[in-house]
> 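There's a structure below that I have some questions on.
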Amino acid sequence: MNTRRGLRILVVDDSPTNLTIVKGLARAIGAHADTATSGPKAIDLVREGAAQYDLIFMDHMMPGMDGVETVRNIREEIPTKYAKTVPIIALTASGKEGVAEMFLANGFQGCILKPLTPDILKDTVRTWVGDVAFPHDADNAVAPSPRETPTHDGTRRKAAADGDGRDIAGVDFARGLEINGNNEETYWDALATFVESTPQTLDKMRLDAAEGNLDDLQILAHGVKGSGRMVGVQVVADLAEQVEFAAQRRDLDSARRCVAALLPKAAGLIARIETASMRHAMAHPRRARTEPDADVLADLLQAVQALDIDGMDVAMAELGAYNYETGASLVRWLEDQVGGDMELDAMVERLTAALARRGAPRRRKRAEKAVDGRPVIFLVDDQQVNLVAGKNILKGRYRVYPIRRSPVMFEFLRRIVPDLILLDVKMPGLDGFEAIRRLKANDAWASIPVIFLTAKNEVDSEIRGLALGAADYVLKPFSPPLLIQRIETHLALAWRQKQLVEFNQNLEGMVRARTQMILNVQNALLHTMSRLVEYRDDVTGGHVTRTQRLFDLMLERMAACGLHDDVTKGWDRDHILLSVPLHDVGKIAISDLILKKPGKLTPDEFDIMKTHASIGADIIAGVESETGEKHGFFTHARLIAGTHHEKWDGSGYPDGISGAMIPLEGRIMALVDVYDALISVRPYKAAMPPEKALDIIREGRGTHFDPALVDLFSASVDAFVHVAQTGAQI
């Protein structure tokens, strides 16, 4: 183990209360704990490998994907030695015989019973990581806060104070404090998380009991039982356990009676904890903290490194919860982290501005995307617990902007265009229905997919939302796998819709997506291969571009007089013009000694040079075969490359065909290619005056060139000279 980076663990549990507690316990033993609220999130963290965890603690019972399935995926689906060997310890509330063996048979290294205490955590780390994880136990110990005094038995006890919030009926404060490593600040944080997250879970339990969803009810009750024990709320834990057992026995009537007993008890207890928390906060104001959660600091660092004001604003809004007295310590921390990778003055200037704004981001002239390439998600909900839960589920895959009110969302929309919006229906002030009306009424925002967040009994809300333009709805509380699946589905649909819109804007009428894909292939081939030829044959001085424009002018003049319209009426002008730059693509196979020779070529050298026509045709035919597309673009490009050196009298190359046997594309290309070569500087000659070049073209009438094309060229020679000399766009 690398002791320099410190002990790093991953804790996977669907209960926010449990995660808050374990993070506090980890700090108490000098470790850093990352958290995941679902199996899929844990799998992503292990797969990405950004952090190499020394130990993983995995809750057994979680909604969607349980701990056993999660471990099976980690061991079998991630092809790294680390994923197959990292120690994973099961967290379980069941002490039944055979449970440990079950975990060992499914990829775990061991299991421990909840609740997790500092001693159990430390002993487990010693077992699987070794004493090297604690080289200096004294250095890792968490010092008592100024309001705590050590007792004779080694625990920490708060100095007596009237109204300090500890006398909560139904809460075993001493037990909860012990479980939380005898750190009161951590314990009060755990109680706050319990108060925020539990009511939503209880409401879901009520609905599941009413509808007879015993499987979901069992899992939810298991979570409440575990989190209740972790904070010393034993009465709630015991009642939740009765619900769990009833659901496990498939006894619906008993489960409903137990839920009916649990709900009022829990509601009353939660209200008492909230009151006690306020009394405690007033009696003992928390000191300003200078080291917030590592995830928040990571978001801030990323934003600062990219000079991303929007990302900085969001991170600073989250940092507001840490009650900073000044931003000086943050600036110093960021200077240390960034080092010489950017201009520190620019970083300090932007950070100082963000500190001053604190949640009032500056408007930007242009809408922006997330700097790290992840899709941008707006999560709009007036309940903080939903914002926290949603961000924890999504932040590994997406750039999540938690927003408490709809009006704030519209302020963000002036600067940032999200890829998708998760929108709560019932919010004070501007509710979800009115918000989506405004979104769909604005052309800049109308195409953003909106997924409504609803409770299970809000069928009318779902129907109304879909009628207003919502793409989908997701039930609260969130099921992580389902939420991510819905988001991925609608991001994919939105991307496809965006592509269709772009196709329709670039093409006349309704163009099928398949056609646009082929055009993209053509353009990529065109730019890559024609530029490659120009880079190698760099003495031609824009020959590719000029011949394309001369060819375009020839098509215009032919259409005006009806010349060869029996052939050209079936042509797609855009396709053929795109193929013109590939006429010399075969030159990529010709040696530079010949291609860039400053003098006249020898007969042998010229024979080699002549092969570029057939090579070019073969290259394009190969691409056509690889793509499996029989398309006009490839046909035009192949004929032009292969026949633009054929002559009307049959004396050309590579095949020596004559007259109308030469494809019309090749006959046109032969004329404009020779004309541009005559008036251009080459290694072996100077540029020829246009008049002299015209004389040579006329001399080739009926021998080198199609007579009708020469006559058309002569009649419009002034226009051709203008295009060749100025590069004018037709």
Side-chain angles (χ1 to χ4, degrees), residues 1-16 18-60 62 65-92 103-104 106-112 114 116-135 137 140 181 186 291 293-299 301-302 391-397 480:
M1 173 183 163
N2 185 353
T3 58
R4 293 187 62 188
R5 66 172 171 80
L7 176 66
R8 196 177 188 104
I9 64 177
L10 173 64
V11 185
V12 187
D13 198 306
D14 62 306
S15 168
N18 294 346
L19 294 178
T20 300
I21 292 170
V22 176
K23 291 192 77 167
L25 296 180
R27 286 194 297 268
I29 65 170
H32 174 81
D34 287 344
T35 60
T37 56
S38 70
K41 174 61 178 173
I43 293 169
D44 286 344
L45 288 174
V46 176
R47 179 183 290 113
E48 292 165 3
Q52 294 281 307
Y53 299 108
D54 301 290
L55 196 60
I56 297 176
F57 291 93
M58 181 76 65
D59 187 27
H60 177 205
M62 295 184 290
M65 182 183 292
D66 66 14
V68 172
E69 185 180 356
T70 301
V71 172
R72 187 178 299 118
N73 273 273
I74 290 173
R75 301 300 195 203
E76 297 177 2
E77 302 299 328
I78 303 177
T80 63
K81 180 179 178 181
Y82 159 64
K84 298 184 186 306
T85 60
V86 57
I88 305 179
I89 308 301
L91 298 175
T92 178
F103 287 123
L104 292 174
N106 283 281
F108 293 82
Q109 270 66 42
C111 68
I112 55 179
K114 296 180 181 180
L116 187 63
T117 65
D119 289 340
I120 294 175
L121 176 61
K122 198 166 187 178
D123 287 344
T124 306
V125 170
R126 285 187 189 278
T127 299
W128 293 102
V129 181
D131 286 337
V132 71
F134 310 106
D137 280 354
N140 289 329
T186 299
E291 293 186 5
D293 183 88
D295 289 338
V296 181
L297 285 178
D299 288 344
L301 177 60
Q302 181 185 53
K391 184 169 183 180
N392 284 339
I393 293 169
L394 303 175
K395 66 182 180 181
R397 294 172 176 263

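Residue indices begin at 1 and follow the sequence shown.
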> Between Asp44 and Arg47, is the closest basic N to carboxylate O distance under 4.0 Å?
yes
> Could you grab the distance from atom OG1 of Thr92 to atom CD1 of Ile112, nearest 0.5 Å is fine?
10.0 Å
> Considering all heavy atoms of both residues, which atom of Ala42 and which atom of Val12 are nearest to each other, and what is their separation?
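The pair with the smallest heavy-atom distance is CB-CG2, 3.6 Å.
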> Give the intermediate values and the outcome of side-chain contact (heavy atoms from CB on, under 4.5 Å) for residues Val71 and Phe103.
CA-CA 10 Å; Val71 172; Phe103 287 123; over 6 Å; no
> Specify the closest pair of heavy atoms between Lys84 and Ile78, including all atoms of both residues, with the distance to one decimal.
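Closest approach of Lys84 to Ile78, heavy atoms only: NZ-O, 3.7 Å.
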> Has the side chain of Asp54 got a donor or acceptor atom that lies under 3.5 Å from a matching backbone atom of Arg8?
yes
> To check you understand the geometry: which heavy-atom pair defines the closest contact between Gly67 and Met58, and what is its length?
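Heavy-atom minimum between the residues: CA-CG, 3.8 Å.
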> Do Thr35 and Leu10 have side chains that approach each other closer than 4.5 Å (heavy atoms only, starting at C-beta)?
no
> From the options Ile56, Leu55, Asn106, Thr70, select the one residue that forms a side-chain contact (heavy atoms from CB on, under 4.5 Å) with Ile88.
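Of all the options given, the one that passes is Ile56.
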> Could you give the distance from CG (Asp59) to OG (Ser38), rounded to the nearest 0.5 Å?
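One gets 11.5 Å once the value is rounded to the nearest 0.5 Å.
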> Can any side-chain N or O of Tyr82 pair as donor or acceptor with the backbone N or O of Tyr53 at less than 3.5 Å?
yes
> For Val68 and His60: C-alpha separation, side-chain torsions, deciding distance, then whether side-chain contact (heavy atoms from CB on, under 4.5 Å) applies.
CA-CA 7 Å; Val68 172; His60 177 205; 3.9 Å; yes
> Taking the side chain as C-beta and beyond, is there a heavy-atom pair between Asn73 and Met65 under 4.5 Å?
yes
> Give, for atom CG of Leu104 and atom CD of Gln109, the distance between the pair rounded to the nearest 0.5 Å.
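The CD atom of Gln109 is 8.0 Å from CG of Leu104, to the nearest 0.5 Å.
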